[in-house]
Amino acid sequence: MGSRATAPLLLFLGLLFIFVKISEKRATLPGPSFCLGIGPLISYGRFLWMGIGSASNYYNEKYGEIVRVWIHGEETLILSRSSAVNHVMKKGHYISRFGNKRALQCIGMNENGIIFNNNPSIWKQTRPYFAKALTGPGLRRTLAVSVESTRNHLEKLLGGHNTTSTCVDILLFLRAITLDISNRLFLRVPLHEGEIVSKIQKYFDTWQTLLLKPDIFFKFKWIYKKHEKAAQDLQDVVEELLLKKQQELQEAEKLHDITDFATDLIFAQTHGKLTADNVRQCVLEILIAGPDTMSVSIFFMLMLIAQHPEVEKKIVEEIQAVTGEREVQNSDLQQLKTVESFINESMRYQPVVDFTMRKALKDDVIDGYPVKKGTNIILNLGRMHKVEFFLKPNEFNLENFAQNVPHRYFQPFGCGPRSCVGKYIAMVMMKGILVTMLKRYRVHSHNGSTLENIKNNNDLSYHPNESHSRLRMIFTPRNQAAA
Ligand code: HEM
């Protein structure tokens, strides 16, 4: 009797043992081996050397869609499987990002502003100001402001050459437009576009250069002095703009009918709800968000249009059918379906924001893998958009958006509590700028440049390498192009 009961028990225990081993094996995160600490050194070195975006793609390609590496000795997951990405985005315990504290202090983002504010309670205080400015009445005004700003910039730059083709320093041009739109919506103070655009670029370079640097880097002041100056320069400009705004508010007999982001923040500071540093940083961040992301996105879109005449034809025919001779209006947006598919397909095929960074604030399990509190997370969105769901993932093709794409497979702005708070306004701005330009001008690339042959960097964002030469495009008036 005893031996008859022992056999099934042993069999059961044996099976249990195998099951536990298999589960353990399944739960082991793929990635480079630790190898006495050499693995972490190599993976950190790769991030510093290749840039965050390129290193993430390298590791996902090598080890699969869920990978464990190390950054600065800290466990870091790189996720490009939609189930894992959506899990992180939707859960409330991934509302922090990561980056060197000294670097964030240097650029003013440490516990201030929103973009890399890693203090959840301060972030929760600032995000509503952004959400208010970027939705509701602000969102409704965005299209008209974008159209007017684009038209003014086109006239200023190309007005005198209305019958011939003109070579345009395209990124400078788009950055000036996006900065002007942001200023008209959020701050409304006269500013010197060219000067601020150049300071924003230097600030962005600093942010990108310092974000993952080791602490020792900050011990050598002479090495990072120029970065510190670049960050300080932009902060000083924003400080001046805020002073002007405060003066305007004091002198105004009654408040403007439409309040704006800066006014709301100044009142919050007066009532002791936000510190002066936080207010300055919030204004700085709302001013850089557009020029940083949208100008390069629209540049990629114009290049794609120049390279795909059949797509250009479809878009221009749609714009003509919907708007005729007048400017685009809010009520047209629903009907501009090809424009919408084009913008989505461009952001999928040639993204500017290729990934986003988060930190686990609690222990968790992601797709069967245990994740410890404090783990850094990189959500590799650009890769996710190329490895799942889409019919022609490695081609630029509007057919990829011919049918409805479930949100979980396409997240250019992220989703959940820490998603892009400007996602609706960004879509409207891009539509306003593109439609206003394409109604008037055909765009061509300059000197045979294509998206494939221009040099790009994929670090904090995916963007053209502008260190050697400025990027140019040719604008030809449509009436002239047709002649
Ligand atoms: C964050 C994409 C334009 C404001 C983000 C994130 C992505 C993104 C992927 C991170 C989301 C996450 O972690 O889940 C883009 C793209 C844009 C764009 C592709 C345009 C093509 C804008 C604009 C604004 C804006 C125009 C504001 C004027 C922000 C802010 C955050 C953010 C403030 C940080 C939100 C937070 O951490 O709570 N964006 N964005 N973005 N975006 Fe955008």
Side-chain angles (χ1 to χ4, degrees), residues 53 79 85-92 94-99 104 109 111-120 122-135 138-139 142 145-146 174-175 177-187 200 260-262 281-301 343-344 346-359 376-382 384-385 407 410-434 460-463:
L79 311 177
V85 167
N86 278 278
H87 174 100
V88 170
M89 283 183 167
K90 287 182 177 159
K91 288 271 153 64
Y94 292 100
I95 50 163
S96 199
R97 307 197 192 279
F98 68 94
L104 295 175
M109 288 188 175
E111 305 203 342
N112 279 321
I114 178 173
I115 304 178
F116 264 81
N117 188 334
N118 293 327
N119 179 326
I122 305 180
W123 167 78
K124 276 185 191 154
Q125 285 171 359
T126 55
R127 184 152 168 133
Y129 293 96
F130 284 82
K132 182 182 167 204
L134 297 165
T135 53
L139 179 60
T142 302
V145 171
S146 307
L174 292 170
R175 284 180 179 127
I177 296 175
T178 46
L179 175 66
D180 180 46
I181 297 172
S182 303
N183 181 37
R184 285 172 189 230
L185 288 171
F186 311 125
L187 184 61
I200 291 178
D260 54 37
F261 180 72
Q281 188 60 25
C282 287
V283 172
L284 184 152
E285 290 181 14
I286 209 158
L287 286 183
I288 64 171
D292 248 13
T293 51
M294 286 197 311
S295 44
V296 180
S297 298
I298 298 172
F299 164 67
F300 287 154
M301 288 173 199
I343 292 177
N344 283 336
S346 306
M347 288 196 294
R348 186 199 70 79
Y349 178 75
Q350 186 67 74
V352 172
V353 186
D354 206 26
F355 64 87
T356 173
M357 296 158 77
R358 304 293 190 89
K359 198 172 201 69
N376 299 327
I377 306 217
I378 295 174
L379 303 175
N380 194 348
L381 304 173
M384 179 182 103
H385 295 154
H407 282 309
F410 183 59
Q411 301 278 13
F413 300 103
C415 71
R418 194 111 201 202
S419 62
C420 175
V421 66
K423 61 181 156 190
Y424 302 113
I425 230 166
M427 284 303 282
V428 174
M429 282 190 203
M430 288 192 283
K431 286 176 188 169
I433 298 171
L434 275 175
L460 191 53
S461 71
Y462 194 98
H463 55 273

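Counting convention: from 1, in listed order, for ligands and their atoms alike.
No side-chain donor-acceptor contact under 3.5 Å links His87 to the backbone of Val85. For the pair Glu285 (side chain) and Ile115 (backbone), a donor-acceptor distance under 3.5 Å is present. Proximity of a side-chain donor or acceptor of Arg358 to a complementary backbone N or O of Ile377 within less than 3.5 Å is not detected.
How far CZ of Phe299 is from CG of Leu174: 9.0 Å, rounded to the nearest 0.5 Å.
Near Val421, with a cut-off below 4.0 Å to any heavy atom, the atoms of ligand 1 are 30 (C), 33 (C).
In the candidate list Ala289, Gly414, Gly113, Ser419, Ala289 is nearest to atom 27 (C) of ligand 1, counting heavy atoms.
Polar contact check, Thr293 against ligand 1: no nitrogen or oxygen pair lies under 3.5 Å apart.
Counting protein heavy atoms only, atom 2 (C) of ligand 1 is closest to Pro412 O, 3.6 Å. Closest to atom 42 (N) of ligand 1 among all protein heavy atoms lies Cys420 SG, 3.1 Å.
Under a cut-off of 6.0 angstrom, the local environment of CZ in Phe413 is crowded, with over 12 non-hydrogen atoms contributed by other residues, nucleotides or ligands.
Contacts of Val352 with ligand 1, taken as heavy-atom pairs under 4.0 Å, are absent altogether. At a 4.0 Å heavy-atom cut-off, ligand 1 does not touch Lys423 at all. Proximity of Thr356 to ligand 1, defined as any heavy-atom pair under 4.0 Å, is confined to the side chain (atoms from C-beta onward). Contacts between Arg127 and ligand 1 below 4.0 angstrom, taking non-hydrogen atoms only, involve the side chain exclusively.
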